Peer 1: 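One structure, as structure tokens, below. Some questions next.
If you're wondering where the values come from, they're calculated on a predicted model, not measured in any experiment. If you read the sequence from its start, that first residue is 1, and numbering goes on from there.
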Amino acid sequence: MLSTTLRTLRTRWVTFVGSFVALSLGVALIAVMGLALASSLDAPERGPERFAAAPVVVKGQDTLEVPTSIGDRTQKLAQPRAVPAAAIAKLRGLGTVVEDRSFAVRVEGGPADLVGHPWSTAAFAPYRLDTGRAPEAADEVVVSGGWARPGTQMRTDGGTVRVVGTVGGLGFENAVFYTDARAAALSPRSLQLVVDADAAAVREAVRGSEGVQVLTGDARRYADADPDRDSEALTAMNAMFGTAGGVTAFVSVFVVASTFAFAVAQRRREFGLLRTAGATPGQIRRMVLYEALAIGVLASAAGCLLGSYGAPKLAEWAVDEGLAPRWFTIGDCTWPYHMAFATGLIVALCGVLAASWRAGRTGPTEALREASVDTRAMTRSRRLCGAALLITAAVTLALALVTNPGDLLQRKTYVSRPMLLITAVALLAPVLVRPLARLVAWLPARLPGAGGMLVRENATAGVRRTGAVAAPVLVTVALAGSLLGATATLDEAKATEVREQTTADFVVTAEGDAGFDEATLRRLRAVPGAEVSASSSSAVYVLEDGVALVRSDARAVEPEGLAATARLPLAAGKVSDLDDDSIIVNEEWEKHTVGERVNVWLGDGTRKSLKIAAVMTIGTGDNGVYVTPRNAPAAAVDRVDVRLAHGADAGSVAAALRQAVRASGGVVLTRDAWLRAAYPETDRTTWTGFLLVLGIALLYTGISLANTMVMATSDRARELALLRLAGATRWQVLRLVGAEALTVVMVGGLLGALVAGVNLVGMWSALGLLSVRTSIQIPWATLAAATGACAVLAVISAVAPACHSLRRRAVELAAVRE
């Protein structure tokens, strides 16, 4: 049988080239993703940046640490504490103390990520003057990066300043240095400081100060902005590459399985002849498995070679697009190659396993068959597997809706859940394509002429061919609709929540991290005809189940202002009951009964027992908690909601509000404008990951479509010749072949849209159970583009071999036998 296998591969190379290409690309992508993941498991130790030349850095408490029965649990504080004044007094007795400050700076026409510092901290990076001098007056600055020259006048959110010097950029920030006094005015709170003294003496001086950290050596990097950004970037990158790798394996199984299944169906007369010649069912099965093994070995080897070239290109692309840190490169790990090669073999063998069993069941009488009509579209085992998966998908969706509807809104869920339904529908495709093909061809079949009728009958007679072509289209359309539709629906649901909860006529937001100062707030409250509600961003921490320290975003606001400018989705209680001894929570909390007391930690780490005044619905998960300003210490006011008083003129109030915030640089927006600006958008990394996944699916769909259509059309040479002998012209035959390809693609598109619709209805139902009323967002443009691309490729792949076959005389083609 081995020699027969090799001869089959040589003579039927057209049948197997598509599987080879698909499998080799799949292995290459798996190798690339594996190499990327292996290279990003651990971030390299980053050294200190802003304080590389600082002797000792003292940092206030920025982490909440809570002991539990299974160990300490930690969370970053929303409002880190400053170093206590008593400790600072002791440190000043040891040596020079320089207070550090960091705050966002906005300059018209300047870089978007500018950050301000006092000039005295520049020496700790160290920054050195390239041109000009140090700042001496409140309106003088020094900038890094060379984007401005000495003498340049700049309008900032803190007033007009003049550049008097420049320093060379160090790559980790775009800095603007003010005088120490001006920096202190722009950012009053100092959370860390540099001490020029012996580290041991510094530690002794701050002993007993809760949470104060003394940083030396490489630990000084924890005083830099966002010291964990590398690990966070790697986590997001790993999720993206892991999802893409999983979809690669999933889709490649589909392509290989459908290709081999169709190839086996096409070769039933060949297997019948082998059975007539004395071949046993086991020999037939082994021959098919040997074919898959040969293709799997060659394709896996080629895929690993392609992966070795593709992985560095992927790393460069990820760095250029800002999806990976600048230092990210592909390492010298070898296990991804072993994993990819083994996966390729397993995919090839698993993909052909069912086909080999069916091939072994071919009887000797199959050699006498002439008709190409599929008398049995599906095996019993395929029906059972498809039905079982369909029932499993329905049951798991129902259980999720009943027990935990919020889980359906998680990205890992709406990315993985469609796979189960796609598999079920693809297995049942031969049963579904016949009625759908009749539906799609219903109108063409009633038009004058026999073309429409022939398209319908050919599509419904060759169910295996139709199913093999429709399956990859199903996968692409279903993935595009499910992934992009889910993110769009979730974004719209979040926007709907914000829209329903906001009753203010104007929203004023602060531009800087420092928020609005007291003078600005007094001016805003003094605007005639305006009811003002000032609020701050903070957080509250709660220990649930005795072991999980959970952070909830909090909004600190006065109850009267909250009731006037917001409509909270309350399930119980009243907003007016909120006071300094209470909190408004949501139903996601372990304790959520009105009147019950709950122990929490505030944004600065202070522990407090608060009474539950009201309970909100869970919604999309963005309904945080509400506290009063006293329970959000050190949280700056960053948003002011304004409600027009009865009879007040909107234009006059808007003008007065803009005048009130002119000095601080706040932005005044109408309710509708603010809602548009605050409309939630899927982050760039997620979108890029989805586009990568859909690109992989579309690539595989193209390979499968081209391969299957070439195989199917080449196998129909005698059928096309008979049409020519019956009187059809060459162009009529080609139009018929193209119309059949379009019909089959439309069938696959409808099945994919059905799967996507079921998944989106599941998410919509979950949102309804979570008290969010929104509409389903269907990405029509993406679905149309994906289906159109599949249609163009299918038509070309069908018409090209048909055109080549019709170059021979019809009588010669009709006389050709297998």
Side-chain angles (χ1 to χ4, degrees), residues 243-244 247 250-251 254-255 258 393 408 411 414-426 428-429 432-433 435-437 439-441 443 459 466-493 681-682 686-706 708-709 739 741-765 767 774-797:
T243 301
V247 172
F250 172 77
V251 179
F254 261 92
V255 172
S258 62
L408 295 176
R411 186 172 65 180
Y414 65 72
V415 168
S416 60
R417 189 175 292 276
M419 306 302 181
L420 186 61
L421 189 56
I422 290 173
T423 306
V425 175
L428 297 174
L432 301 173
V433 294
L436 281 176
L439 176 64
V440 171
L443 181 59
T466 304
V469 176
V473 181
L474 155 68
V475 173
T476 300
V477 174
L479 282 177
S482 298
L483 298 184
L484 301 185
T487 55
T489 299
L490 192 55
D491 287 345
E492 179 60 27
E681 295 182 354
T682 304
T686 300
W687 268 112
T688 304
F690 284 167
L691 293 178
L692 182 62
V693 167
L694 296 178
I696 292 170
L698 189 59
L699 174 65
Y700 273 118
T701 296
I703 294 170
S704 181
L705 277 176
T708 306
M709 294 305 299
L742 282 175
T743 300
V744 176
V745 169
M746 290 181 66
V747 169
L750 287 174
L751 288 175
L754 176 64
V755 171
V758 171
N759 286 317
L760 294 180
V761 167
M763 173 175 279
W764 177 75
S765 301
L767 289 168
T774 187
S775 58
I776 298 177
Q777 302 297 307
I778 301 176
W780 294 112
T782 303
L783 295 183
T787 307
C790 293
V792 170
L793 188 58
V795 170
I796 293 174
S797 302

Peer 1: With heavy-atom distances below 4.5 Å as the criterion, would you say the side chains of Leu754 and Leu432 are in contact?
Peer 2: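 Not touching, per the 4.5 Å side-chain cut-off.
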Peer 1: Drop me the distance from Leu484's CG to Ile778's CD1, to the nearest 0.5 angstrom.
Peer 2: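 That separation rounds to 12.5 Å.
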Peer 1: With a 4.5 Å limit on heavy-atom distance, are the side chains of Asn759 and Val755 in contact?
Peer 2: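 In short, these two side chains touch, coming nearer than 4.5 Å.
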Peer 1: How close do Val745 and Ala794 get, counting heavy atoms only, and between which atoms?
Peer 2: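 Of all heavy-atom pairs spanning Val745 and Ala794, the closest is CG2-CB, 3.5 Å.
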Peer 1: Looking at Trp764 and Ser775, would you say the former's side chain and the latter's main chain have a donor-acceptor pair under 3.5 Å?
Peer 2: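 Judged by distance alone, no pair lies under 3.5 Å.
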Peer 1: With sequence neighbours excluded, tell me which residues meet side-chain hydrogen bond (donor to acceptor under 3.5 Å, both in side chains) with Thr476.
Peer 2: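 If we apply the side-chain hydrogen bond (donor to acceptor under 3.5 Å, both in side chains) test to Thr476, skipping adjacent residues, the hits are Thr701.
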Peer 1: Mind checking the CG-CG spacing from Leu490 to Leu767? Nearest 0.5 Å is all I need.
Peer 2: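 Between atom CG of Leu490 and atom CG of Leu767 there are 6.5 Å.
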Peer 1: Do you know the tightest heavy-atom contact between Leu742 and Ala791?
Peer 2: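 What the structure gives for the nearest pair is CD2-CB, 3.6 Å.
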Peer 1: Enter the distance from Leu474:CG to Thr423:OG1 here, rounded to the nearest 0.5 Å.
Peer 2: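 It comes to 9.0 Å.
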Peer 1: Can you pull the side chain to side chain donor-acceptor pair (under 3.5 Å) pairs that have at least one residue in residues 782-793, sequence neighbours excluded?
Peer 2: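 Matches after skipping sequence neighbours: none remain.
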Peer 1: Please report the closest heavy-atom contact between Ser482 and Ala756, naming both atoms and the distance.
Peer 2: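 Residues Ser482 and Ala756, closest heavy atoms: OG-CA, 3.5 Å.
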Peer 1: Which heavy atom in Ala480 sits nearest to a heavy atom in Pro779, and how many Å separate them?
Peer 2: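 Smallest interatomic distance, heavy atoms only, reads O-CG, 4.0 Å.
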Peer 1: If I take atom CG from residue Leu760 and atom OG from residue Ser765, how far apart are they, to the nearest 0.5 angstrom?
Peer 2: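 These two atoms lie 10.5 Å from each other.
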Peer 1: Decide yes or no for Glu492 and Ile776: does some side-chain heavy atom of the first lie under 4.5 Å from some side-chain heavy atom of the second?
Peer 2: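 Side-chain contact under 4.5 Å: no.
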Peer 1: Measuring from atom CE of Met763 to atom CD of Gln777, what distance do you get when rounded to the nearest 0.5 angstrom?
Peer 2: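 Going from CE on Met763 over to CD on Gln777, the span is 11.5 Å.
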Peer 1: So, for Leu421 and Ala393, which heavy atoms are closest and what is the spacing to 0.1 Å?
Peer 2: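 In terms of heavy atoms, the two residues are closest at CD1-CB, 4.3 Å.
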Peer 1: Which atom pair, heavy atoms only, marks the closest approach of Gly762 to Leu408?
Peer 2: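 Where Gly762 meets Leu408 most closely, the heavy atoms are O-CD1, 3.8 Å.
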Peer 1: Would you please test Val475 and Leu479 for side-chain contact (heavy atoms from CB on, under 4.5 Å) and show each step?
Peer 2: CA-CA 6 Å; Val475 173; Leu479 282 177; 3.9 Å; yes
